[in-house]
Structure formats: structure tokens, C-alpha cells
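I have placed the structure first, in the form of C-alpha cells, so that the comments after it can refer back to it.
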Amino acid sequence: MPTRFYNTLHHRLEDFIPLHPGPDAANPILGSQIGIYSCGPTVYDYAHIGNFRAFLFSDVLRRYLELRGAQVTHVMNMTDVGHMTDDQLADGAGRDKLEVAVEKMKENKKDGKALIENPNDPFAVADFFARAFLQDARLLGLGVVADYDLATTHESKERIIPRPTRHIPEFIEMIQTLMARGHAYKGDDGVVYYDIHSFPAYGKLSGNSLEQLSHGAGGRTNEQAAKKHPADFFLWKPDAHHIMRWPSPWGEGYPGWHIECSVMSIRALGQSFDLHTGGEDNIHPHHECEIAQSEGATGKPFVKYWMHTRHLMVNGEKMSKSRGNFFTIRDLTTMGFDPVVIRWGLISTRYREPMNFTVQSLHEAAAAITTLRDLADKLITAVAAVDEAAGDGDFAVPDGLSEAVHDPVLEPADQRMLAEFNLAMDDDLNVSGALAALFTWANPLHKHKKLAYPQARSALQSLKKVDHVLGVVFVDLQALPQDKQRHVEDLMQKRDAARQHKDFAASDMIRRQLLSLGVEVKDTPAGTTWRPRLAPEKLSQ
RNA sequence: GGCCGGAUGCCCGAGUGGACUAAGGGAGCGGAUUGCAAAUCCGCGAUUCGUGGGUUCGAAUCCCACUCCGGCCUCCA
């Protein structure tokens, strides 16, 4: 059964065969080199869970290909050039989003909530939200950010998470190439436009024809004398007053919305690469324009497989700022959800299904993860005892993301689970199906009070493999703050004392108190332990 | 208007012609265990897959119509 992905370019499921496959034709992913470019965040504000659904999808894709033995180069841009907010005009006559962000920052400063020193500086504002994004992404375990953190030089970091403001001269270079090759022209208004008539495949990705686009039944393409076709999009706009501007052969101004991804992806991955991901809203126009630019400039096929995530809904409604029904990562962690819970909540539905996000779904995620983590603890304990006796302690430490996945001989049940997990993932990343395989496998393991060593070791290894993709079991949870931790330990002592005196009323009261602090208490014959909960106490309805 | 998805138990969500008496998770209920909990274990729950027709020996799965929900059609992940 080959690995199949839905390729937006051809509107169908296709066998995934890397451009640089491994030596085994029957399993071309093993030993292959794969390049993935993911459209990342814009840094004018905190990213919300809808954004992160898309980023996490690309992370699951990347991790799954790694599990299957590919060497993946994953690149994700962080857009720090402001784009327009006004959707009536395609040519940048609206307000710049960074300008809006700057205004907000200034408001905050007036209110005494200064987040940065100089809110007038759009670069500083972008930096601020870029840092916030990286923090959130680390919490959620994005592999691309782990790569970024591991990279030691500015240049290598810039390949992994490039920022457009650092590559403007390269944009200009590509625009010049496009002009030289007859794909771009300078209009009477001085703006440089892409000539979509010069690129017959324009519209292929979204299933639009030029005919439909020119009619603009949605009413949003703008007729403009300077453009040859209403759907021609701008590559460079001279504007001496724009909030962010750079010198160019066409005057001081700023680049178009799409050029950054063409330039930066080619820069990091070459003129042709395997996979390009993004949210469904990117299909048109962003990715359409990227293809036109990239292939127009290089004359080579740009991306082999395009994959797009469906949008996230919240409580059955489209997420939007006006409704106020969106969450940021920090909103949810403040509520008391551990990041692994958020990760699970956002990856456990297949990327191509529309997904409805609810707080309830996070509680469910917490329960599911707890089951797996308990199993992992049990396996580690069973394995550690023997390994320690044998002087072999290599199982205490979880595998790092980039560490190769070993292949010892696994028990048949474990092999079966991995095969079923892979089968589901091979079917266009069917995570729900893969999780079903995992839980079906995990169930009988709970029954054994004590597992025999070889079984435990094999099971542990298998769980680590799937967790390379899931990233929720062998990762550290958020630690309690020091003062809270002391408070908890204090309460635990009091409770122990109460229990020794058989004062169960007091003991139960303290347990409730601990619960509201986000701590779960467990009484066992061996003693009483506590641990932080993955989710806050459920509010009674 | 054009294009594209979706509707499965209380909730989330697999399954896309016969092994479906419909996976898995969550919540619930009864029992074991526990001072009480938690965890774990045992047991219970869709004769049915939005509605109506059709094709077929056989349909959640294919076809047609309808209803509802959502997305894109130059802000957006």
C-alpha cells in the first residue's frame, strides 16, 4: 500500500513519490530526501489555534515522513512584511496590517501595557510577535522550530524560518527575471504587475479559469486601467510613504504579497521540491500566484504535491475576530490546558476535514493523552528495572525529534499496531484511524499488572515510534511554578497527616483544593503521589 | 452566480459496494477494587449511517433529487 496524499494541484489522491526517492522502489520514502515548504504565520498579532492547526498539520506530515525513514528539510516562512487589510482593492491601497499592529501597540503603551520599547517601529512590532510565535510553536512541539533552535548560524536559521524583510534584494532579482522573461510589466501607474496571460496554467490549482476570474462574480477583482487583466497582481509597488519600504529599480516601495514564498522556498529547497503546505485560503490567490512566479522565473516545475488544511471552526461557527470566538495558545494555557493537549486537539482530526474546535474536545484530548502517558510510565518502569540491573539505561531518555528511529525486533502485536498506524497515515494522513490502531493496541497492555521485559521493551519502542509523530507522550509537561509547587507539597503533607488520623473529611477537602490548583492526587498502597493535570477542572454546566 | 467539501450513537470521529450484528476516543450507566477518590478491570448502549427515490443478489459506501452546514472566488492558516 503506497503512501497517498491529496494533491490540490490535480484535485485527487496521488501516490507520494519523492523527487529524490530512496533506493527501494517499493518503499521510496525510506532513505529519501524530502523538501517541505509551509506557509507560516504573519507576525502582526498572536497566532491563534486556527493558524496553528495548519502549522501542526505540516508538522505531522513532516514527522510522519521522518518516521517512514525520510530525511526531511522543512522550511516555514514568517511573514513580517505588512500586507493590506482592505479587501476591496487588490493593489495595496488599503491600510497595511503592520501599520494597524503599530497603532495597537501605541494604544497599549498609552494604556500602560507597553509590550515593546518603541511601538512606532514596525520592525520592532514584527520582532515582538515573531518571538511570541516561536514561543508558542515550541510549546506545541513544532519540529521546524526545533530545527531553527538547533541551527547555529544566522544563515542556517534563515533557511529554516526565513523572514521576507531580510531578502528584499532577492525579491527584486526575481521580479527582474520575470520582466526579462515577459511575465511581468510596469503599468502606467509605476507598479510592477505579473501578467497572468503569460502563464496559461494560472488557475490550475484552484480550478478557476481566467474567464471566471475576470468576471469576478464575487465582485472583488478590481478593474484598473494600469493592469492588462483584472487578476494581474502586483510584484512591486513604489510608495514613498509606506510604513516599510526599500529601494528598488522601480522606486522606493514594497514587494507584493506572493513573491516572498517563491523566492524563499527556492532559496532553501531548490527550484523544484516535493511538498508545499498551507491553509485552504492560500490556494487562491497566494499559491496560484506563487506557481506563476516561480515557474515563470525558473521555467521548471515548482512543487510536486500541494497540500492544504481545512479551516477550523469554533463551537460550530467560523472563527473570526468580530465574533471574538478565537483562542490563542496563551489563552488556552492560561485556562490550564497543557500544550500537549492543545497539540492533540488540533492534530487528531484529519487535516482535510473541516474541524470544529471546542473546549470539550480539549478535555477529551487530556483524557486520551493521560491514558497513553500512564501506559508509557508503566512500560518505562518495567524496562528500567531490568535495564538497570544489566547496566543498560538507555531507555530512560525519550528519543529526540531528529534522532534516528531504531528498528529492533518487535513483538508481533507491536508490529501489527505499527503497520495499522502506518496504513492509516498512508491514507492521506488519517490521524483518527491511526489513533484507533494505537488505542486498540494499548488496551490489552493495561490489563497486565506487570509486563515481561521483552514485551515491555518492544512495546515501549513502538510507542516511541508513533509518538515521534504525535509528540504528546515522551515530552515534558509544563512544570508548576516554584511557589505553587511549594504550596502543593505543603497541602500534600497536611493531607497525609489528616489521613493518618483518619480524618477523611479534611483529607477530601484538601484533595478538592489541590484539584482546583490543577493537581491530581493518587493514593496507592505504596504511598500518595501527585501530578499536574493536563486540563483544568471541568466547569459544571 | 461559479467552484469545492461535509452530514455516522449523548459528543468527537473512523469506515467509501459483501468479514459493518459500524473502529477508536470522550461522556454516561451497572459491578469489582478503594476510607472516599483516581487509575485499572468486567459488563451495557447506533438493527442504523441528513431526507426521499434508484442501481445491485447485497449500499453508510454507487447514482439522482432534496434539505441543512461550511469553505474559496484577491484580508485570512
Side-chain angles (χ1 to χ4, degrees), chain A residues 8 11 38-42 47-58 83-91 94-95 97 203 206-209 211-213 215-222 230-234 257-258 277-286 288-289 308-313 316-321 344-345 348-350 352-356 358 360-361 363-368 370-371 374 378 420 424 427 430-440 442-443 446-449 499 502-505 507-508 511-512 515 520-525 529 531 538:
Chain A
T8 311
H11 312 275
S38 299
C39 277
T42 49
H48 55 61
I49 51 172
N51 303 125
F52 273 106
R53 181 190 192 195
F55 309 147
L56 283 168
F57 145 66
S58 68
H83 295 323
M84 299 303 117
T85 56
D86 189 334
D87 67 352
Q88 291 303 312
L89 297 166
D91 302 299
R95 277 185 86 208
K97 280 199 189 155
S206 63
N208 278 313
S209 66
E211 189 61 9
Q212 283 159 356
L213 288 169
H215 285 118
R220 299 219 241 175
T221 49
N222 62 325
D232 284 357
F233 55 95
F234 88 93
W257 312 352
H258 315 297
T277 74
E280 59 177 328
D281 55 292
N282 281 154
I283 296 170
H284 186 92
H286 184 54
E288 203 90 77
C289 297
H308 294 94
T309 327
R310 281 300 198 138
H311 274 170
L312 188 68
M313 306 211 293
E317 287 188 324
K318 185 185 171 171
M319 212 167 57
S320 73
K321 297 219 165 175
W344 181 285
S348 53
T349 298
R350 211 219 228 118
R352 213 154 53 78
E353 305 291 334
M355 175 180 172
N356 184 23
T358 58
Q360 174 61 25
S361 68
H363 285 287
E364 292 171 15
T370 303
T371 304
D374 285 350
K378 190 170 148 183
E420 282 168 14
D427 179 18
N430 181 358
V431 177
S432 315
L435 291 178
L438 177 58
F439 280 101
T440 304
N443 259 328
H446 294 300
K447 288 184 196 171
H448 302 285
K449 282 247 166 4
R499 289 187 75 226
K502 305 246 185 254
D503 184 355
F504 294 120
S507 152
D508 289 351
R511 182 166 56 204
R512 275 195 297 278
L515 193 62
E520 186 174 278
V521 177
K522 190 152 59 163
D523 298 323
T524 71
T529 59
R531 62 179 179 187
K538 251 197 198 168

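Every chain is numbered from 1, with letters handed out A, B, ... down the list of sequences. On a predicted model such as this, the values are computed, not experimentally measured, just so you know.
Salt bridge A:Lys522/A:Asp374: absent, no basic N to carboxylate O contact under 4.0 Å.
Straight-line distance from the CD atom of A:Glu288 to the C1' atom of B:C72: 11 Å, rounded to whole Å. Atom CD of A:Glu520 is separated from atom P of B:U40 by 10 Å (rounded to the nearest Å). Atom CE of A:Met313 and atom C1' of B:G6 are 9 Å apart (whole Å). When rounded to the nearest whole Å, the span between NE2 of A:His308 and C1' of B:G71 equals 13 Å. The interatomic distance linking A:Arg310 (CZ) with B:A7 (P) rounds to 11 Å, in whole Å. The nearest whole Å value for the distance from the CD1 atom in A:Ile283 to the C1' atom in B:G2 is 16 Å. Between the C1' atom of B:A38 and the CZ atom of A:Arg499 lies a distance of 12 Å, rounded to the nearest Å. Atom CD of A:Gln360 and atom P of B:C11 are 12 Å apart (whole Å).
Neither OP1 nor OP2 of B:G13 sits under 4.0 Å from any side-chain N or O of A:Ser432. An OP1 or OP2 oxygen of B:C42 is reached within less than 4.0 angstrom by a side-chain nitrogen or oxygen of A:Lys447. Phosphate proximity of B:A77 to A:Thr42: present, with a side-chain N or O under 4.0 Å from OP1 or OP2. Of the side-chain N and O atoms in A:Asn430, one or more sit less than 4.0 angstrom from OP1 or OP2 of B:G15. Proximity of A:Asn443 to the phosphate of B:G25: a side-chain N or O atom is located under 4.0 Å from OP1 or OP2.
Closest-nucleotide positions on RNA chain B for A:Asn356 and A:Pro41 were compared, and the one nearer the 5' end corresponds to A:Asn356. Between A:Glu353 and A:Arg511, the residue anchored nearer the 5' end of RNA chain B, judged by the nucleotide with its closest heavy atom, is A:Glu353.
When heavy atoms are screened at a 4.0 angstrom cut-off, A:Gly50 is found touching base atoms of the nucleic acid. Across all strands shown, A:His311 has heavy atoms under 4.0 Å from base atoms, whether or not it also approaches the sugar-phosphate. Within the nucleic acid shown, A:Leu438 has no heavy atom closer than 4.0 Å to any nucleic acid atom. Across all strands, A:Asp508 comes closer than 4.0 Å to base atoms (heavy-atom distances). Across all strands shown, A:Ser507 has heavy atoms under 4.0 Å from base atoms, whether or not it also approaches the sugar-phosphate.
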Audit row: A:Glu280, A:His311, side-chain contact (heavy atoms from CB on, under 4.5 Å) steps and yes/no:
CA-CA 7 Å; A:Glu280 59 177 328; A:His311 274 170; 3.3 Å; yes
Please determine whether side-chain contact (heavy atoms from CB on, under 4.5 Å) holds for the pair A:Leu435 and A:Ser432, giving the CA-CA distance in whole Å, both sets of side-chain angles, and the decisive distance to 0.1 Å. CA-CA 5 Å; A:Leu435 291 178; A:Ser432 315; 5.8 Å; no
Checklist entry - Passes side-chain contact (heavy atoms from CB on, under 4.5 Å), A:Glu420 versus A:Thr440? Steps please. => result CA-CA 10 Å; A:Glu420 282 168 14; A:Thr440 304; 5.5 Å; no
**Prompt:** Step by step, would you call A:His446 with A:Thr371 a side-chain contact (heavy atoms from CB on, under 4.5 Å)?
**Reply:** CA-CA 9 Å; A:His446 294 300; A:Thr371 304; 3.5 Å; yes
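When the nucleotides B:G24, B:G15, B:A14 are ranked by their closest atom to the side chain of A:Ala436, B:G24 comes out on top. In this structure, the nucleotide among B:A77, B:U74, B:A39 sitting nearest to the side chain of A:Trp257 is B:U74. Of all nucleotides listed (B:G5, B:A37, B:A77), B:A37 comes nearest to the side chain of A:Asp523. Residue A:His284 has its side chain nearest to B:C72 when only B:C72, B:A77, B:G25 are considered.
Both distances falling under 3.5 Å, in either a Watson-Crick or a G-U wobble arrangement, place B:C68 opposite B:G6. Taking a pair to require two hydrogen-bonding distances under 3.5 Å in either a Watson-Crick or a G-U wobble arrangement, B:U55 remains unpaired. Using Watson-Crick or G-U wobble geometry with both donor-acceptor distances under 3.5 Å, B:C41 finds its partner in B:G31. In this structure, B:A60 forms no base pair with any nucleotide, since neither Watson-Crick nor G-U wobble geometry is met with both distances under 3.5 Å.
Using a 5.5 Å limit on the distance between ring centres and a 30° limit on the angle between planes, the aromatic ring of A:Phe504 counts as stacked on the six-membered base ring of B:G35.
Under a 3.5 Å cut-off, the side chain of A:Arg53 and the backbone N or O of A:Arg310 do form a donor-acceptor pair.
Side-chain contact, A:Asn282 with A:His308: no donor N or O sits under 3.5 Å from an acceptor N or O.
Side-chain to base pairing of A:Glu280 with B:G71: no donor and acceptor N or O lie closer than 3.5 Å to each other.
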